[in-house]
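Report on the structure given below.
Residue numbers begin at 1 in each chain, while the letters A, B, ... track the order of the sequences. This one's a predicted model, so the numbers in the text were calculated from it and none came from an experiment.
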Number of protein chains: 2
Amino acid sequence: MSTKKLRRYTKQRRLVHDAIINRTDHPTAKEIFNELKPSGIGIATVYRQLAAMVEDGILATVDYDSETRYDPLTSPHAHIVCSVCNRISDIELPRDVNDLAPENLGFEVNEIELTWKGICNNCQ
Amino acid sequence: MSTKKLRRYTKQRRLVHDAIINRTDHPTAKEIFNELKPSGIGIATVYRQLAAMVEDGILATVDYDSETRYDPLTSPHAHIVCSVCNRISDIELPRDVNDLAPENLGFEVNEIELTWKGICNNCQ
DNA sequence: TTTGTTATTGATAACCAATATCATTAAATT
DNA sequence: AATTTAATGATATTGGTTATCAATAACAAA
Ligand SMILES: [Mn+2]
Ligand SMILES: [Mn+2]
Ligand SMILES: [Zn+2]
Ligand SMILES: [Zn+2]
């Protein structure tokens, strides 16, 4: 059994938490850091707190363009990514996506990653 | 109109081409380099030739675990990734995957990325 | 063939996201 | 208040990848 790791409620933890928890734009650690810079927080702490939140199941990660982005929406969902403005948006995962799962090979599916890449209506 | 960039047929180009063209295991640049090491090829050249082949449409890229992997299968297809042995395998893209496209928002889809993560039968 | 042009090469410096190190600080407990 | 120790911030280090550049070799022209 796994019990949730104890965390101290530091000023920095609250800062990072509040900066990411309501976001829908999947920011990078650097972006969060830049926004919290005036507080005097260190970049390493931003990375550490984001990693801790992922470990605690509060955040999910999305890899894009060789950078890890953070997502407070942890339930299964798909993404659309605009190649012009690089905006990553959430979109509902098709309900019948499990019908598409690889039924063969005895592959045990844990996670589905579905992303549409293209151009958003703003950038067309 | 875009005409294909001229390439010189160097010994190194042939080496990299032959090392990747029939592979189904999505190797990294480092892996290709290690296999071609006895030829005396430089690591930068391996990266350059792989990038050139991507530019020419001969290879596709697959990002996994903070590394770029190269794929001679350039037609649209999905992947299954084993989190134990890290093996990336090709799988057919569901025929009706376009029915799942985001019809809303006027998003112009260029590319679909679909990956199942889990445990392959070998590793269970 | 020989010559000239220039894309390509290999060594390596530089880049950049991310992690490791470590002395100091400050939560949490006693 | 004293004690314990997780967390912090500065910064060194790591690892994948790209940039730089003098030397080389593919290709075209003569
Ligand atoms: Mn999301
Ligand atoms: Mn593939
Ligand atoms: Zn856009
Ligand atoms: Zn496996």
- What are the residues of residues 28-59 of chain A, sorted by number, that bring a heavy atom to within less than 4.0 Å of DNA chain C? A/K30, A/A44, A/Y47, A/R48
- For chain A, the stretch of DNA chain C it reaches, first to last nucleotide, under 4.0 Å of its heavy atoms: C/dA17 to C/dA28
- Query: Which pair of heavy atoms, one from A/A29 and one from A/Y47, lies closest together, and at what distance?
  - Reply: CB-CE2, 3.5 Å
- Query: Is the number of heavy atoms from other residues, nucleotides or ligands under 6.0 Å of B/E55 CD greater than 12?
  - Reply: yes
- Donor-acceptor side-chain pairing of A/T45 and A/R48 below 3.5 angstrom: yes
- Considering all heavy atoms of both residues, which atom of A/S39 and which atom of A/L15 are nearest to each other, and what is their separation? OG-CD1, 3.5 Å
- Query: Within the side chain of B/H79, is there an N or O that forms a donor-acceptor pair under 3.5 Å with the backbone of B/I88?
  - Reply: no
- Message: Can you tell me if B/S66 touches the phosphate of D/dG15, counting only side-chain N or O atoms and a distance under 4.0 Å to OP1 or OP2?
- Response: no
- Shortest non-hydrogen contact from A/V46 toward A/V16: CA-CG2, 4.3 Å
- Query: Between the side chain of A/D71 and the main-chain N/O of A/L73, is any donor-acceptor distance below 3.5 Å?
  - Reply: yes
- Taking A/T68 for the side chain and A/D63 for the main chain, is one N or O donor matched with an acceptor at less than 3.5 Å? no
Close N or O pairs between protein and nucleotides 22-29 of chain D (under 3.5 Å):
| unit_1 | atom_1 | unit_2 | atom_2 | d |
| --- | --- | --- | --- | --- |
| D/dA26 | N3 | B/R8 | NH1 | 3.0 |
| D/dA26 | N3 | B/R8 | NH2 | 3.4 |
| D/dC27 | OP1 | B/Y9 | N | 2.9 |

- Item | Electrostatic pair B/R87:B/D25 at N-O distance under 4.0 angstrom | no
- Message: Given 3.5 Å as the limit, does a donor-acceptor pair link the side chain of A/E31 with the main chain of A/T28, or not?
- Response: yes
